[in-house]
2 protein chains.
Amino acid sequence: MINPLDMVFAALADPTRRAILSMLLEDDMAVTDVAEPFEMSLAAISKHLSILSRAGLISQERRGRVKWCKLEPDALRPASVWMQGFGQFEPVNLDAFERFLETELNTPERDSPETGSPDPAG
Amino acid sequence: MINPLDMVFAALADPTRRAILSMLLEDDMAVTDVAEPFEMSLAAISKHLSILSRAGLISQERRGRVKWCKLEPDALRPASVWMQGFGQFEPVNLDAFERFLETELNTPERDSPETGSPDPAG
DNA sequence: AGCATATTCAACCAAATGGTTGACGATTGC
DNA sequence: GCAATCGTCAACCATTTGGTTGAATATGCT
């Protein structure tokens with residue numbers, strides 16, 4: 001899997017990984033804390049995290065014995081752009097416009113993380 | 001794979017399938033014609049098409065012995081919306097705004113399919 | 001030093017993926 | 001009727017994926 005678009009979409013195809021990304025939307029987290037809500041081994045989560053990392057969707061910084069995971073939303077952009085190439089076929093897309101305005105109007109405040117977070121596990 | 005988001009992202013993770021979607025952006029096509037530019041068997045393409053179909057990204061209508069494949073861009077929307085939930089972390093996203101306006105201003109004409117088609121094979 | 005915590009590694013496993021080939025069922029045209 | 005065309009099915013194969021377990025490697029605490 002050389003193609004970055006391949007890796008991003010493949011990373012997003014797993015509900016566990018999407019849930020992890022949603023969790024990281026709220027704050028940076030240590031690997032153990034990421035793993036806590038899931039009913040699977042820490043090693044499994046570690047693998048998921050390295051897949052997300054190789055896709056560029058998260059970065060990991062080791063501080064002491066703790067490895068912090070940080071969301072890298074910019075990595076989503078090429079995929080998002082690719083998908084938007086198909087938007088021209090949608091009727092008018094007022095929804096998208098509303099969403100867009102909402103996002104743009106909310107960002108200046110920088111203080112309300114509860115707006116627009118995707119559901120964990122999609 | 002029950003989750004529709006899983007299926008859409010998994011479908012998009014393969015470059016052959018993304019290329020097929022891009023081809024269908026220009027026009028509806030028969031299965032054989034979809035397969036023509038690829039260096040793989042017709043059966044392989046047939047499998048790819050059924051994956052795209054199960055994900056809802058295309059629809060297939062049999063007319064005579066020919067099966068026509070049609071792009072269903074609306075199926076991309078949930079995935080697109082999910083991804084846009086992460087956009088709030090991007091600086092301001094003027095790019096997205098420009099793209100959005102361009103798309104909205106171009107749609108009324110309905111006659112210029114050369115605007116904004118993603119590259120085949122991404 | 002010695003033990004607990006945090007994370008990865010290695011080996012293994014079952015199931016899914018992406019491809020092949022050859023046979024098969026429809027449909028069309030001569 | 002018969003041959004060609006369109007497309008799928010079935011069986012097979014190699015590789016990847018997503019999970020497990022147990023051992024190994026750092027690092028931190030007392």
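Each chain gets a letter, A, B and so on, in the order its sequence line appears, and its residues count up from 1. The structure presented is a predicted model; accordingly, all values stated were derived computationally and were not measured.
- Distance CD (Gln60(B)) to C1' (dT8(D)): 11 Å, rounded to an integer number of Å.
- Phe86(A) is listed as a side-chain neighbour of Ser22(B), based on a closest heavy-atom distance under 4.5 Å.
- The separation between Phe9(B) atom CZ and dG18(D) atom C1' is 19 Å, rounded to whole Å.
- Two residues are said to be in side-chain contact when any heavy atoms from C-beta on lie closer than 4.5 Å; Met29(A) and Ile20(A) fail this criterion.
- Following rounding to the nearest Å, Leu52(A) (CG) and dT17(D) (P) show an atom-to-atom distance of 13 Å.
- The nearest whole Å value for the distance from the CG atom in Asp14(B) to the C1' atom in dT17(D) is 15 Å.
- Between Ser46(A) and the phosphate of dT7(C), there is no side-chain N or O to OP1/OP2 separation shorter than 4.0 Å.
- Within residues 33-45 of chain B, the residues having any heavy atom under 4.0 Å from DNA chain C are, by residue number, Met40(B), Ser41(B), Ala43(B), Ala44(B).
- Here the straight-line distance linking atom CG of Leu71(A) with atom CG of Leu52(A) works out to 9.5 Å at 0.5 Å rounding.
- Taking side-chain N and O atoms only, Lys47(B) has no distance below 4.0 Å to OP1 or OP2 of dG19(C).
- Nearest heavy-atom pair, Asp6(B) versus Pro15(A), reported as atom, atom and distance to 0.1 Å: OD2-CD, 3.3 Å.
- We find that CD1 of Ile51(B) is positioned 13 Å from P of dC9(D), with the value rounded to whole Å.
- Between Val66(A) and Ala10(A), the residue anchored closer to the 5' end of DNA chain D is Ala10(A), taking for each the nucleotide with the nearest heavy atom.
- Atom CG of Asp6(B) is separated from atom C1' of dG18(D) by 13 Å (rounded to the nearest Å).
- Under the 4.5 Å side-chain heavy-atom criterion for grouping Ile, Leu, Val, Met, Phe, Trp and Tyr, Met23(A) is connected to Leu49(A) within one hydrophobic cluster.
- Between the side chains of Glu36(B) and Thr32(B), no donor N or O sits under 3.5 Å from an acceptor N or O.
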Please list, for nucleotides 2-5 of chain D, all pairs of protein and nucleotide N/O atoms separated by less than 3.5 Å.
residue	atom	partner	partner atom	Å
dT5(D)	O4'	Arg65(B)	NH1	3.4
dT5(D)	O2	Arg65(B)	NH1	3.0

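- Residues Leu57(B) and Arg17(B) fail the side-chain proximity criterion, which asks for heavy atoms closer than 4.5 Å.
- Arg63(B) comes within 4.0 angstrom of nothing in the nucleic acid, heavy atoms only.
- Annotation for Ala79(B) and Met83(A): closest pair CB-CE, 3.5 Å, computed over non-hydrogen atoms.
- Between Arg62(A) and the phosphate of dA6(C), there is no side-chain N or O to OP1/OP2 separation shorter than 4.0 Å.
- Atom pair Trp68(A):CH2 and dT8(C):C1' shows a separation of 18 Å (rounding to whole Å applied).
- Between Ala11(A) and Ile51(A), the closest heavy-atom pair is CB-CG2, 4.2 Å.
- The separation between Lys67(A) atom NZ and dC9(C) atom C1' is 12 Å, rounded to whole Å.
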